[in-house]
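Only a predicted model underlies this, so the values are computations on that prediction, with no experimental measurement involved.
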Amino acid sequence: MERHEIETFLALAEELHFTRTAERLHVSPGRVSQTIKKLERHFGGALFERSNRHVALTPVGRRLHAELLPAYQQVQRAIANASAACRGLSGVLRVGFSALWCGDLIVRAAEEVQSRHPQCTVEIHRVTFAAAFTALRGDELDILVKELPVDGPDIVAGPVLFSERRALVMPASHRLAAQETVSLEDLALLPLITPVGASQNFLDAHYPRRTPGGRSVPQGPAAFGWEEILSLVGAGKGGTPVGARGADYHARPDVTYVSFDDAPPVYYAPMWLKSSESAKLQAFVEILLEFAPTRGDGLPVRRSS
């Protein structure tokens, strides 16, 4: 198996969706399908069961995934370690994040960098939606770890580190707060609170103006940071979509997190300016991949405190 075949198989085995796999690998869905068919011809049997609405691993596919994934991760670590050792990293690397769970990952990666490369210092900065890309473009940060998509053609998106199931955070008094799950159609039932300073590309990806069924999503107020958004939610001004892990990091008695049952996951990735790409950046990204969780949080969420 060639490297792109391994990466395609592993990505599809995790996503179980051809379009999401293609977006993750930055190729077309047709390329993903062709690669999988080639592998199945090579092995002489099906690796995936697929229909118009369903993709699943076959027993052979499950066994291949279970045996292949640890070996692939070990090869990636060995390559990254050898490459970083030869480069001898030094200097300061400024890393930004907005979601607290990204900060946890960055802290672990930073400790590993400084263990392997004592001459390299990692500075960690928490930034708001509005400040994230401004700081990157203003030479205040070298790299960001945050939700996709990126903000413009001057910014490079690295490999996806992990994904999170989406949840809707809403006032604890709202009638939807009593449900086990919500749907994207439910966005029409309360005003949508949005972040100030986010690009239109980002807003389109995470804060839709219409539901899949065509219903208008009422627009609520906007806020600069996450704590301000939660204050507006708690005051009954509306709701906002978030990564489901927000329930663990931002619990309040006046808000409730309810997971979506039909929304695509949120993808988190490192990103940096094309003009500032360097060996030090690439080495840090490889270490992030070592510590990144292998799966997103797929469990239902409904928490108010």
Side-chain angles (χ1 to χ4, degrees), residues 1-80 101 105 147-150 157-167 180-185 205-206 208 212-213 241 243-245 259-270 285-286 288-301:
M1 294 176 70
E2 298 182 7
R3 177 175 175 175
H4 81 275
E5 293 173 333
I6 294 173
E7 292 175 344
T8 300
F9 170 77
L10 292 176
L12 184 58
E14 181 177 338
E15 300 295 341
L16 297 177
H17 193 283
F18 279 84
T19 300
R20 289 202 296 267
T21 299
E23 291 172 351
R24 175 169 167 177
L25 298 176
H26 306 292
V27 299
S28 69
R31 176 69 181 275
V32 174
S33 180
Q34 290 170 4
T35 301
I36 296 302
K37 287 179 180 178
K38 180 180 177 182
L39 284 175
E40 291 177 330
R41 287 196 299 270
H42 174 77
F43 288 115
L47 300 174
F48 294 90
E49 298 172 353
R50 44 206 185 266
S51 66
N52 290 336
R53 299 191 175 196
H54 178 75
V55 178
L57 284 163
T58 64
V60 173
R62 286 196 297 271
R63 179 174 178 178
L64 178 63
H65 178 260
E67 295 179 353
L68 186 60
L69 180 60
Y72 175 74
Q73 291 174 331
Q74 184 175 355
V75 169
Q76 292 295 92
R77 284 194 295 270
I79 292 172
W101 43 96
L105 171 61
E147 307 92 331
L148 290 169
V150 298
V160 171
L161 298 171
F162 61 96
S163 62
E164 279 291 323
R165 189 170 184 176
R166 290 181 198 256
E180 289 299 323
T181 61
V182 293
S183 76
L184 290 171
E185 291 300 318
H206 297 282
R245 205 176 301 190
S259 60
F260 283 100
D261 57 17
D262 60 351
V266 184
Y267 294 102
Y268 295 82
V285 169
E286 293 295 340
L288 281 172
L289 284 167
E290 289 183 36
F291 287 88
T294 57
R295 295 178 181 270
D297 181 1
L299 298 177
V301 172

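- Using a 4.5 Å heavy-atom cutoff, the side chains of Leu184 and Pro208 are not in contact.
- With contacts defined as side-chain heavy-atom distances shorter than 4.5 Å, the pair Tyr268/Leu105 does not qualify.
- Interatomic distance, CD1 of Ile6 versus CG of Leu69, reported as 11.0 Å (0.5 Å rounding).
- In this structure, Glu180 and Asp261 have side chains that are not in contact, with every pair of non-hydrogen atoms separated by 4.5 Å or more.
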Do any side-chain atoms of residues 30-39 form donor-acceptor pairs under 3.5 angstrom with protein atoms, and if so which ones, sequence neighbours left out?
| unit_1 | atom_1 | unit_2 | atom_2 | d |
| --- | --- | --- | --- | --- |
| Thr35 | OG1 | Arg31 | O | 2.9 |
| Lys38 | NZ | Glu5 | OE2 | 3.4 |

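- The shortest heavy-atom contact between Ala269 and Pro159 is CB-O, 3.7 Å.
- Shown here are the ring-ring contact (aromatic ring centres under 6.0 Å, His included) partners of Tyr267, two or more places apart in sequence or in another chain: there are none.
- Of all heavy-atom pairs spanning Ala292 and Leu161, the tightest one is CB-O, 3.3 Å.
- The CZ atom of Arg24 sits 13.5 Å away from atom NE2 of His17, with the distance rounded to the nearest 0.5 Å.
- Distance check, rounded to the nearest 0.5 Å: CZ of Arg245 to CZ of Arg165 gives 14.0 Å.
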Could you walk me through whether His4 and Val27 pass the side-chain contact (heavy atoms from CB on, under 4.5 Å) check? CA-CA 11 Å; His4 81 275; Val27 299; over 6 Å; no
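- Judged by distance alone, with hydrogens and angles left aside, the side-chain atoms of Arg166 form no donor-acceptor pair with the main-chain N or O of Ala263 at under 3.5 Å.
- Across all their heavy atoms, Pro29 and Ala22 have their closest contact at N-CB, 3.5 Å.
- In this structure, the side chains of Arg20 and Pro265 come closer than 4.5 Å at one or more pairs of heavy atoms.
- For Thr58 (side chain) and Leu47 (main-chain N/O), a donor-acceptor pair under 3.5 Å exists by modelled atom type.
- In this structure, the side chains of Tyr72 and Met1 stay at 4.5 Å or more apart for every pair of heavy atoms.
- For the atom pair Asp262 CG and Thr181 OG1, the distance stands at 8.5 Å (nearest 0.5 Å).
- In this structure a side-chain-to-backbone donor-acceptor pair under 3.5 Å is present from His206 to Leu148.
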Begin from the C-alpha positions of Phe9 and Phe48 and carry the test ring-ring contact (aromatic ring centres under 6.0 Å, His included) through to its verdict. CA-CA 10 Å; Phe9 170 77; Phe48 294 90; 5.6 Å; yes
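- For the atom pair Glu164 CD and Trp101 CH2, the distance stands at 7.0 Å (nearest 0.5 Å).
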